Amino acid sequence: MSETIKHHLTDDLLMAYAAGALPEAFDLMVATHLSLCDHCRARAESFDAVGGCVLQDQDDGAAVSDNSLAATMALIAKGAPTTQPARPKCSVLPTPLQDYVGGDVNAIRWRSIGMGVKQAILPTTREATARLLFIPAGAAVPDHSHNGIELTMVLQGAFSDEVDHFARGDVEIADESLHHTPTADISEDCICLAVTDAPLKFSKLMPRLFQPFLRI
Amino acid sequence: MFTEINTVTLDEPAADRPAVKPWRARKRIRGKPVNGTEDRCETKTEWVSHVRRIRDAQDQAAFAELFQHFAPRIKAFLIKSGSDATLAEECAQEVMATLWHKAHLFDPARATVATWVFTIARNKRIDVLRKQRRPEPEELGWGPEAEPDQDDVIALQQESAQLRDALTALPEAQRELIEKAYFGDLSHREIASETGLPLGTIKSRIRLALDRLRHSMN
């Protein structure tokens, strides 16, 4: 548990996560960040508490049928649904991400997108995209801006851009107004989780030509 | 036993009707009204012991009481979230079955039973209605040998009661917006960052519980 995280999730994202209103890719981002950040986990759980109040206040209820309790006891008697055994804690990927990758960092199926930068798109619903990014130590992701909201969280190493320096657990929230060139620290290769609800657009010609093929 | 509400018919003289609907008002445990608004803290701590009785002794009587209280609320919540009544009832049963199976994971220093049930119902809604996976953060547990401090449990339950009062006191329009969000009627872009929700104290309380939990895990 890192106490050094300084870039956190916003209240609206945490409330939307508690309300179950986010696309799957964003849920994955929030769940991954909360695994590393107790500050945001406490905030998220306080938004859950609001949901608890809303549920509790369904005073009028919707009457359930006479045999509903018996049906539920029968369901219980069938035993708990088999769930995957909890994944072991790994050095790089928190458990929610491991579920999507199928293991820790060694299980990631990278595809090169040029200039040493690699990505792995994770299987989520299409409303938004989640991918892992690998930026070699000292390298830069081409200067780009964003159509929608893009959240980038550092899992390994660190990067800097025009805004600030981001280390493990830090989330950079970018929107249409941010135009940046993230550069990985020289000390270590940088791995990030990035989610966006729109395709990235690159400012330089080459990356923009490649964009349709690369799904970036 | 869950259809008592239907026995209050519309042509019954108003004076004969109890102030509160009978299936709520009659429910009493240890002489304390369980559903009354005047006794919310006790209410929720009672539900905590119900979950413990399920966890420790597979207590079916405790489960039946929880079911009677929560199942109609879960069903109503799911109907307002866009489900039809049949599916909502099926899901309510599955949510309650999950409560039984996961009773050992409930942490009363971080959530009320209502909050915990809400999170299970919400995940069921995402799974069944939106047909989407729900990534959840890494699980944290007290483990068999450690339990949260009773004072922490009571404090959290009290903070939750205060939050509920504060929500009730919000202007109608704002409260409706919050309900809409939790019924899944607002997209994430429609959820404003300035909610005006008084979450400062409960957030600190949960943070404290998380710190203690981390400490007990190490």
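Since the model is a prediction, treat every value here as computed from it, not as a measurement. In what follows, every chain begins at residue 1, and chains take the letters A, B, ... in the order their sequences are listed.
- With rounding to the nearest 0.5 Å, the separation of CG in A/L55 from OG1 in B/T119 is 10.0 Å.
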Run the salt bridge (charged side-chain N to carboxylate O under 4.0 Å, His left out) test on A/D99 and B/R133 for me, step by step, so that the C-alpha distance in whole Å, both residues' side-chain angles and the decisive distance to 0.1 Å come before the verdict.
CA-CA 11 Å; A/D99 289 340; B/R133 275 167 88 179; 5.2 Å; no
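- Between atom CD of residue B/E90 and atom OG1 of residue A/T72 there is a gap of 11.0 Å, rounded to the nearest 0.5 Å.
- Most heavy-atom pairs under 4.5 Å with chain B, from the set A/G52, A/A16, A/A44: that is A/G52.
- With a 4.5 angstrom heavy-atom cutoff, B/R122 touches chain A only via side-chain atoms.
- By the 4.5 Å heavy-atom criterion applied to side chains, A/Y17 and B/H188 are not counted as neighbours.
- Contacts between A/V30 and chain B at a heavy-atom distance below 4.5 Å are absent for every atom of the residue.
- Residues A/L36 and B/E138 fail the side-chain proximity criterion, which asks for heavy atoms closer than 4.5 Å.
- Residues B/L163 and A/A49 share a closest heavy-atom pair of CD2-CB, 3.8 Å.
- You'll find the side chain of B/F118 stays beyond 4.5 Å of the side chain of A/Q56, heavy atoms only.
- A/T95 is not listed as a side-chain neighbour of B/E136, based on a closest heavy-atom distance of 4.5 Å or more.
- Rounded to the nearest 0.5 Å, atoms CZ (A/R43) and OG (B/S204) are 12.0 Å apart.
- Between A/D11 atom CG and B/I191 atom CD1 the span is 11.5 Å, to the nearest 0.5 Å.
- Both the backbone and the side chain of B/A181 come within less than 4.5 Å of a heavy atom of chain A.
- Heavy-atom pairs under 4.5 Å with chain B peak, among A/L75, A/V50, A/T32, A/L28, at A/V50.
- Looking at B/E159, there are no atoms closer than 4.5 Å to chain A (heavy atoms on both sides), in backbone or side chain.
- Ranking B/K75, B/E89, B/R175, B/K80 against chain A, the residue ahead of the rest is B/E89, based on heavy-atom pairs under 4.5 Å.
- The nearest pair of heavy atoms linking B/F63 to A/M73 is CD2-SD, 3.5 Å.
- Each of A/G51, A/P96, A/G79 has some count of heavy-atom pairs under 4.5 Å with chain B, and the biggest count is that of A/G51.
- Between B/A76 and A/G61, the shortest heavy-atom distance links the atoms CB-C, 3.8 Å.
- Scanning all heavy atoms of the two residues, the minimum distance from B/I206 to A/A42 falls at CG2-CA, 3.9 Å.
- Proximity to chain B (any heavy atom under 4.5 Å) is shown, for A/M29, by neither the backbone nor the side chain.
- The nearest pair of heavy atoms linking B/I202 to A/S46 is CG2-CB, 3.7 Å.
- Using a 4.0 Å cut-off between charged nitrogen and carboxylate oxygen, B/R189 and A/D197 count as a salt-bridge pair.
- With a threshold of 4.5 angstrom between heavy atoms, A/A18 approaches chain B through its backbone and through its side chain.
- The CD atom of A/E45 lies 12.5 Å from the CG atom of B/L199; values are rounded to the nearest 0.5 Å.
- Between A/S35 and B/P137 the shortest heavy-atom distance is OG-CA, 3.4 Å.
- Interface remark: A/T125 contributes side-chain atoms only to the contact with chain B (heavy atom separation under 4.5 Å).
- Heavy atoms of B/I126 lying under 4.5 Å from chain A belong exclusively to its side chain.
- When side chains are defined from C-beta on, B/F67 counts as touching A/S68, because their heavy atoms get closer than 4.5 Å.
- Side-chain contact check for B/F183 versus A/V54: some heavy-atom pair is nearer than 4.5 Å.
- Both the backbone and the side chain of A/I149 come within less than 4.5 Å of a heavy atom in chain B.
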Let's go through A/D38 and B/R207 carefully: what are the C-alpha distance in whole Å and the side-chain angles of both, what is the deciding distance for salt bridge (charged side-chain N to carboxylate O under 4.0 Å, His left out) to 0.1 Å, and is it a yes or a no?
CA-CA 7 Å; A/D38 277 353; B/R207 180 60 206 263; 5.0 Å; no
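- Options B/R205, B/M96, B/R125, B/K203 differ in how many heavy-atom pairs under 4.5 Å they form with chain A, and the most are formed by B/K203.
- Within the model, atoms CD1 of B/I79 and CD of A/Q58 stand 10.0 Å from one another, a figure rounded to the nearest 0.5 Å.
- For chain A, the option among B/A166, B/A121, B/A97 with the highest count of heavy-atom pairs below 4.5 Å is B/A97.
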